[in-house]
Amino acid sequence: MLRLRPYKPCDADTITTWLKSEYAFRQWSADRYEKYPITAEDMNAYYDNDKTNPRIWGLTAFDGSGTVGHLTMRYPKDTYGEIRLGFVIVDDSRRKMGLGKEMLSLAIKYAFEILAAEKISLGVFENNIPAIKCYKSCGFKAVQTENTEKYNCMGEVWSCIEMELRREDYFT
């Protein structure tokens, strides 16, 4: 059974080992980190920038075998109606086992039932087909935005797909 708990700095030792290629690393982090590979210290230094910000927090997924996933949640606007997911990752050796969907389902439940969010949003690169399939299996839908987010990654321009799950869709 999978569970979520607050992210701890010691989690970075495990999470950073899941990023086996720069391509996968950039799909996970876009341009948020300057170099690949990152170390646990790099990840914790990045998170230290927000450690006193009550509008963003990390969560770690674990089961009887240890740490298996990670994501962040944040309020992207001045209100508390929207939760934005980010840095979603699952242990690369345990993919295609339903852990991503299970972890996201727990985060969705928390966002809607505890935090009373009206919607949950996320951005995913259009070249990250497994992640898109996982998000869709959890009920997320692609939505149109005024401006498509684009990032320069690995000598290419990668476009983001904006996805969201609305409260009314979760409770029906």
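Nothing here was measured: the structure is a model prediction, and the numbers come from that model.
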Visitor: Should Ile56 and Ile114 be counted in the same cluster of Ile, Leu, Val, Met, Phe, Trp and Tyr side chains packed under 4.5 Å apart?
Guide: no
Visitor: Would you mind listing the cluster partners of Met154? Hydrophobic ones only (ILVMFWY), side-chain contacts under 4.5 Å, chaining allowed.
Guide: Tyr23, Phe125, Tyr151, Trp158
Visitor: Hey, which of Leu99, Thr60, Thr14 is the one that makes side-chain contact (heavy atoms from CB on, under 4.5 Å) with Val68?
Guide: Leu99
Visitor: Between the side chains of Ser65 and Arg94, does any donor sit under 3.5 Å from an acceptor?
Guide: yes
Visitor: Determine the minimum heavy-atom distance between Ala111 and Ile120, stating which atoms define it.
Guide: CB-CD1, 3.6 Å
Visitor: Starting from the C-alpha separation in whole Å, work towards a yes-or-no answer on side chain to side chain contact (heavy atoms under 4.5 Å, CB included) for Glu162 and Ser121.
Guide: CA-CA 7 Å; Glu162 182 70 15; Ser121 64; 3.7 Å; yes
Visitor: If you apply the rule side chain to side chain contact (heavy atoms under 4.5 Å, CB included), what do you find for Asp31 with Asn152, and how did you get there?
Guide: CA-CA 8 Å; Asp31 60 0; Asn152 290 315; over 6 Å; no
Visitor: Would Glu113 and Arg167 pass as an ion pair if we require N to O under 4.0 Å?
Guide: no
Visitor: For atom NZ of Lys101, is the number of surrounding heavy atoms from other residues, nucleotides or ligands below 6.0 Å larger than 12?
Guide: no
Visitor: Any chain of hydrophobic side-chain contacts (each under 4.5 Å) joining Leu4 to Phe62?
Guide: no
Visitor: Compare every heavy atom of Leu71 with every heavy atom of Ala107, then report the nearest pair and how far apart it is.
Guide: CB-CD2, 3.9 Å
Visitor: Take Arg84 and Thr72 through the side chain to side chain contact (heavy atoms under 4.5 Å, CB included) test and state the conclusion after the steps.
Guide: CA-CA 8 Å; Arg84 181 112 177 135; Thr72 60; over 6 Å; no
Visitor: Just to verify, what does Arg166 make a side-chain hydrogen bond (donor to acceptor under 3.5 Å, both in side chains) with, not counting sequence neighbours?
Guide: Glu164
Visitor: Identify, with sequence neighbours excluded, every residue that meets side-chain hydrogen bond (donor to acceptor under 3.5 Å, both in side chains) alongside Lys8.
Guide: none
Visitor: Any Lys/Arg nitrogen of Asp11 or Arg5 sitting under 4.0 Å from an Asp/Glu carboxylate oxygen of the other?
Guide: yes
Visitor: Roughly how far apart are Gln144 CD and Ile161 CD1, rounded to 0.5 Å?
Guide: 10.0 Å
Visitor: Between Arg3 (side chain) and Asp63 (backbone), is there a donor-acceptor pair under 3.5 Å?
Guide: no
Visitor: Which heavy atom in Pro9 sits nearest to a heavy atom in Asn44, and how many Å separate them?
Guide: O-ND2, 3.0 Å
Visitor: May I ask you to check whether over 12 heavy atoms, not counting those of Asp78, lie within 6.0 Å of atom CG?
Guide: no
Visitor: Indicate the atoms forming the closest heavy-atom contact of Asp13 with Ala40, along with that distance.
Guide: OD1-CB, 3.2 Å
Visitor: With a 4.0 Å cut-off on N to O distance, would you call Lys20 and Asp92 a salt bridge?
Guide: yes
Visitor: Is the backbone N or O of Ala61 less than 3.5 Å from a side-chain atom of His70, with the two atoms forming a donor-acceptor pair by type?
Guide: no
Visitor: Rounded to the nearest 0.5 Å, what separation is found between the CD1 atom of Ile108 and the CG atom of Leu165?
Guide: 5.0 Å
Visitor: Using a strict threshold of under 4.0 Å (side-chain N to carboxylate O), is an ion pair present between Lys35 and Asp42?
Guide: yes
Visitor: Do Leu115 and Leu104 belong to the same hydrophobic cluster, where Ile, Leu, Val, Met, Phe, Trp and Tyr are linked whenever their side-chain heavy atoms lie under 4.5 Å apart, directly or via other members?
Guide: yes
Visitor: Does Tyr33 sit in a hydrophobic cluster with other residues, and if so which ones, taking ILVMFWY side chains as linked at heavy-atom separations under 4.5 Å, directly or through other members?
Guide: Tyr7, Ile15, Trp18, Leu19, Phe25, Trp28, Tyr36, Ile38, Met43, Tyr46, Tyr47, Phe87, Ile89
Visitor: Go through it in stages, so that I can follow the logic: the residues are Tyr110 and Met73, the test is side chain to side chain contact (heavy atoms under 4.5 Å, CB included), and I'd like the CA-CA distance, side-chain angles, deciding distance and then a yes or no.
Guide: CA-CA 10 Å; Tyr110 179 67; Met73 298 180 95; 3.7 Å; yes
Visitor: So with a 6.0 Å cut-off around CD of Glu34, is the heavy-atom count from everything else above 12?
Guide: no
Visitor: With the 4.5 Å side-chain cut-off for hydrophobic clustering, are Tyr80 and Leu122 part of the same group?
Guide: yes
Visitor: To the nearest 0.5 Å, what is the distance between NZ on Lys119 and CD on Glu168?
Guide: 10.5 Å
Visitor: Once side chain to side chain contact (heavy atoms under 4.5 Å, CB included) is applied, do any residues pair with Lys136, and if so which ones, sequence neighbours excluded?
Guide: Ile132, Met163
Visitor: Once rounded to the nearest 0.5 Å, what's the spacing between atom CD of Glu22 and atom CD of Gln27?
Guide: 11.5 Å
Visitor: Can you name the closest pair of heavy atoms from Cys134 and Gly100 and give their distance?
Guide: SG-C, 3.7 Å
Visitor: Can you tell me if Ser21 uses its side chain to pair, donor with acceptor, with the backbone of Ala24 under 3.5 Å?
Guide: yes
Visitor: Out of curiosity, Glu149 CD to Cys160 SG, how far, rounded to the nearest 0.5 Å?
Guide: 5.0 Å
Visitor: Give a yes or no on whether Leu106 and Leu85 share a hydrophobic cluster (residues Ile, Leu, Val, Met, Phe, Trp, Tyr; joining criterion: side-chain heavy atoms under 4.5 Å apart).
Guide: yes
Visitor: Return the minimal non-hydrogen interatomic distance between Ser159 and Thr148, and the atom names on each side.
Guide: CB-CG2, 4.0 Å
Visitor: Given a cutoff of under 4.5 Å between side-chain heavy atoms of I, L, V, M, F, W and Y, with clusters grown through shared members, what are the other residues clustered with Val157?
Guide: none
